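The block underneath contains the structure these notes are about, expressed in structure tokens.
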Amino acid sequence: MNYKQIEEKWQNYWKEHKTFEVENGGEKPPYYILVEFPYPSGDGLHVGHVRSYTAQDAIARLKRMQGYNVLFPMGWDAFGAPAEQYAIKNHVHPSEAVKKSIQTFKKQMETLGFSFDWSREFATTDPEYYKWTQWQFLQFYKHKMAYKANIPVNWCPKCKSVLSNEDAAGGVCERCGTEVVQKEKSQWMLKMASYAEDLLKGLDDTNFAERVKLGQINWIGKSNGVELDVQIVGGGSFSVFTTCIETIYGITFFVIAPDGKLIKELMPRVENKEEVLNYIEETKKKSNMDRTELNKGKTGCEVKGIKAINPINGKEVPVYLGDFVLGDYGTGAVMAVPSHDERDFEYAKAHHLEMIQVIDGKDTTEHAFEKQDYLGVGCKLINSSEFTGLTVEEAKKAITAKLVDMGVAREVSNYKMRDWIFSRQRFWGEPIPMIYCDKCGWVPMNEEDLPLLLPDVAEYEPSDDGESPLSKISEWVNTTCPKCGGPARRETDTMPNWAGSSWYFLRFMDAHNDKEFASMDAMKYWGKVDWYNGGMEHTARHLLYARFWVQFLYNIGLVPNKEMIWTRVSHGMVLGSNNEKMSKSKGNVINPDDIVNEYGADTLRVYEMFMGDYQQDAPWNTDSLRGCKRFIDKVVRLKEKVMDGNNYSKDLESLIHKTIKKVEYDTYHLGYNTAISALMILTNAMDEKDSITKEDYHVLLTLLNPYAPHITEELNEMLGYAPICESSWPKYDESKTVDSEITIGVQVNGKLRGEITISKDEEKDSILEKALNNEKVKNFMEGKEIVKTIVIPNKIVNIVIK
RNA sequence: GCUCUUGUGGCGGAAUAGGUAGACGCGCUGGACUCAAAAUCCAGUGAUUUAAUAUCAUGUGGGUUCGAGUCCCACCAAGAGCACCA
């Protein structure tokens, strides 16, 4: 068998017959299957891509055979830093590099036999596509959902460029090793925080896997608590948010953010200016994550000359700077109760601050007595004036009520999720279609002037001041104000690559529309994405951004549903054979092309589906891959045993019906490995026989087809049947999947001692009699008294003796 | 640090609602076929034990139950994400 030839033959057949191209409409029910479109890197397709694409391909092929109009599209998420870096190095326009990578990826996907509808292909870097990304940004702006703010970024003074948190890990620039500092930049923001509650509620209208929902919920990070106003002695005030208002009498100091507004306002009254300014400088060197780690949260200094007043009792307490409080998150200040919060406790220890225990029940000299320990166990307040003696739960209510009554506090929900920083100081992204005019301020471009194309130049070195490379291209930057016609400058930041991927699934529904990003009719026809698969690493962020984008479009009437994705699942990674993430530096990378050349696409597909639990990471193992090749070879060899016959062999009938049921169920429930296993069992059963019928073989090939589409088509054609891709999925007869005789275990005192054979649904009494008469069971019961017998029909018998 | 996930043979992994732990595959051992090899086929393969036997086994320690890989509590270990990598 020449696998290569066979695979090419069928790939051409599908292409020529446009087997997988779909129309919007028709009699068949629509079904939309989506895999995350890849970033087309120069390295080519990863075996990890093959895993998830094969899984979704199997679903797509099965659904088609069951009579659905299946949309299974593919495209390219092609903006991003690697293409830009490549362009800087080689002085070619990134669009050239990207074009090449896309060709490679597409070729690889074709050789793997994925049933994508290529007629709907696009890249986020196509002007016809990013025109609409820009258009949608303008809608955000026009609905007051986009604004400018000063946000600190990681800045490498030597490379003169903005770094991602990853590239700034450990506080040094990954490229040159220089210490990274925080630098403020004016950035476009999208008001995502205002959608927090809707994004939380919207999860009820989805069928996301539990762990995916959990990821979303945790990212949004809702907590209910109290926002408290705190007065400063001598004028001024700030607010703090707390979920533990019951500990208010335990406040012994406040901590404010060194990078916040408040400290700037207070500066004129600060007595130890030098110390405070030094600490602020120190903080600039740290990333947010370095700052918020518990073990690093003890640095800081007192803000001398400033005292804050605890609103409940008028007590004056000191104010400290601490870098674990972030200036751009929450209110930029926290109340500190060292007796009841471990981080406050350690901070207080380090700075020799007072501690007041206000909840009774545990000694607080060594560690704080925290809420996870005192909540819900009836602990009572101490040292808390009129609230002393109340339980924590009572006190929470009573103290909140009093503060609200005093007009100094409000019950609020707080969300961890912040607004979306939408600017990047990069070349290779969608230009933000905004223009700055000295007279009119920020003015949006006219929609009819979109797309705003990236300039066609080949130099993208970053500028010295952290501005985007675009800022150096003056002929591109200088323009006229759309409002007053005077001279004006374009925004030179570009969008993050999350932008293009936030709505691409909508475009697939109507990929060639040049009037709208997608027509309402097309979106109504397909409805939601029925099944979306991607990596676990995207379940929090990409998915949240996409949902936010869709909810916004829904609110302004441009999409038919508030949630456009119904089911979302995520796959585990394919690791190297040493159980580590594949990477060039570790030398454990497997190139799918090599595997396809040596073993064939079908073998690779079957192996990746068989290699383990789809949702978990799995290490590559070439020996196991060979096992899958052997399985396919065995299926091929079965051809020699085929005799005429249009029915299933009598002794295979039950197993065939069971296998149809199992493969169908498992393919729809992420059980790809057990589906393959069931097919192996059926194959082995056929192999044991001297001959099988044509129909036996035909059904095996059909069941295997979603996983190994090429070889099954070829063998099927040899039998003289119509192509499987144009046929129907076999139906199973439920009654034939049930055995009439069952072997069950008999336990004595919970330990397995024997086996009996019973007929299905046999009476309990009769089962028990068989169990008691079993020779081995008898041995164990000799001379003992039966205390109790448990008979679970069709499952097990347990005899309890004494 | 926070959040999540996962711990089952030599390995990848099965085990639908608490009911015969180890399906299926890999690897290994022995055998058949062959001049030989590859391929293929047959048998065996959790540990301890003298052969049938029995005992012990699902990260550790408890608990619930007639019965726990599965449920509950406490712990240990590994991996992933944490807002400018995509």
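Order of the sequence lines fixes the chain letters, A, B, ..., with proteins taken first and strands second; residue numbering starts at 1 for each chain. This structure is a prediction, so every number in the text was calculated from the model and none was measured.
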Between [N] and [M], how many Å separate the two [atom1] atoms, rounded to a whole number?
N     : M     : atom1 : value
B:A15 : B:U20 : C1'   : 11 Å
B:U40 : B:A77 : C1'   : 44 Å
B:C76 : B:C24 : P     : 39 Å
B:G10 : B:A68 : C1'   : 27 Å
B:G19 : B:G12 : P     : 25 Å

Considering every strand and a 4.0 Å limit on heavy-atom distances, what is the contact class for [X]: base, sugar-phosphate, or nothing?
X      : value
A:S41  : nothing
A:T789 : nothing
A:N579 : nothing
A:A540 : nothing
A:Y614 : nothing
A:Q187 : base
A:G215 : nothing
A:D617 : sugar-phosphate
A:H669 : nothing

Any side-chain heavy atom of [X] within less than 4.5 Å of one from [Y]?
X      : Y      : answer
A:V746 : A:R753 : no
A:T492 : A:Q425 : no
A:M609 : A:R51  : yes
A:V797 : A:T789 : no
A:D341 : A:E370 : yes

Q. How far apart are the closest heavy atoms of A:Y707 and A:L703, and which atoms are they?
A. CD1-O, 4.4 Å

Can you check whether [X] and [Y] have ring centres sitting under 6.0 Å from each other?
X      : Y      : answer
A:F610 : A:F631 : no
A:Y607 : A:Y599 : no
A:Y504 : A:F37  : yes
A:Y532 : A:F208 : no

Q. OP1 or OP2 of B:C41 less than 4.0 angstrom from a side-chain nitrogen or oxygen of A:R637, does that happen here?
A.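 Yes, within the criterion.
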
Q. Looking at B:C82, B:U20, B:G13, which one has an atom nearest to any side-chain atom of A:L752?
A. B:U20

Q.
For B:G25, does the O4'-C1'-N9-C4 or O4'-C1'-N1-C2 angle fall within 90° of 0, making it syn, or is it anti?
A.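 What B:G25 shows is an anti base, its glycosidic angle lying more than 90° from 0.
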
Q. Under the rule syn = chi within 90° of 0, otherwise anti, which is B:A17?
A. syn

Q | For A:T104, side-chain contact (heavy atoms from CB on, under 4.5 Å) partners two or more places apart | A |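 A:T104: side-chain contact (heavy atoms from CB on, under 4.5 Å) contacts with A:Q108.
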
**Q.** Counterpart residues, side-chain contact (heavy atoms from CB on, under 4.5 Å), relative to A:N673 (two or more places apart)
**A.**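 Counting only residues at least two positions away or on another chain, A:N673 forms no side-chain contact (heavy atoms from CB on, under 4.5 Å).
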
Starting at atom [atom1] of [X], determine the distance to atom [atom2] of [N], rounded to an integer number of angstrom.
X      : N     : atom1 : atom2 : answer
A:I786 : B:C66 : CD1   : P     : 17 Å
A:M573 : B:A80 : CE    : P     : 6 Å
A:W219 : B:C2  : CH2   : C1'   : 12 Å
A:K795 : B:A15 : NZ    : C1'   : 12 Å
A:I792 : B:A68 : CD1   : C1'   : 15 Å
A:I758 : B:U20 : CD1   : C1'   : 13 Å
A:M609 : B:G13 : CE    : C1'   : 14 Å
A:L543 : B:A86 : CG    : P     : 18 Å

(Q) So for A:E688 and B:C41, does any side-chain atom that can act as donor or acceptor lie under 3.5 Å from a complementary atom in the base? (A) no

Q) Within the modelled atom types, does a donor on one side and an acceptor on the other bring the side chain of A:Q425 and the base of B:C84 under 3.5 Å apart? A)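 When only heavy-atom distances are counted, A:Q425 does reach the base of B:C84 through a donor-acceptor pair under 3.5 Å.
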
Distances for protein N/O vs nucleotides 4-6 of chain B N/O pairs under 3.5 angstrom?
none

Q.
On RNA chain B, compare the nucleotides closest to A:R426 and A:V800; which residue's is nearer the 5' end?
A. A:V800

Q) Starting at the 5' end of RNA chain B, what dot-bracket string do you get if Watson-Crick and G-U pairs under 3.5 Å are bracketed, crossing pairs use [ ], other-strand pairs use | and unpaired bases use dots? A) (((((((..(((......[....)))((((((.......))))))(((.....)))..(((((..]....))))))))))))....

When you compare the protein's N or O atoms with those of nucleotides 23-26 of chain B, which come within less than 3.5 Å of each other, and at what distance?
residue: B:C24; atom: O4'; partner: A:S677; partner atom: OG; Å: 3.2
residue: B:G25; atom: OP1; partner: A:N684; partner atom: ND2; Å: 3.0
residue: B:C26; atom: OP1; partner: A:R630; partner atom: NH1; Å: 2.8

Q) Checking salt bridge (Lys or Arg N to Asp or Glu O under 4.0 Å) for the pair A:D633/A:R637: CA distance, chi angles, key distance, verdict? A) CA-CA 6 Å; A:D633 288 343; A:R637 278 199 309 275; 5.5 Å; no

Q. Does the pair A:Q615 and A:H571 meet the rule for a side-chain hydrogen bond (donor to acceptor under 3.5 Å, both in side chains), with working shown?
A. CA-CA 4 Å; A:Q615 298 193 77; A:H571 58 267; over 6 Å; no

Anything under 3.5 Å between a protein N or O and an N or O of nucleotides 56-59 of chain B, put it in a table, one pair a line.
residue: B:C56; atom: OP2; partner: A:K751; partner atom: NZ; Å: 3.2

Q: Would you check, one step at a time, whether the test side-chain hydrogen bond (donor to acceptor under 3.5 Å, both in side chains) holds for A:R547 with A:Q216?
A: CA-CA 10 Å; A:R547 292 181 56 227; A:Q216 301 264 301; 2.6 Å; yes

Q: Determine, stepwise, if the pair A:K185 / A:D493 fulfils salt bridge (Lys or Arg N to Asp or Glu O under 4.0 Å).
A: CA-CA 11 Å; A:K185 284 225 31 106; A:D493 285 352; 5.2 Å; no

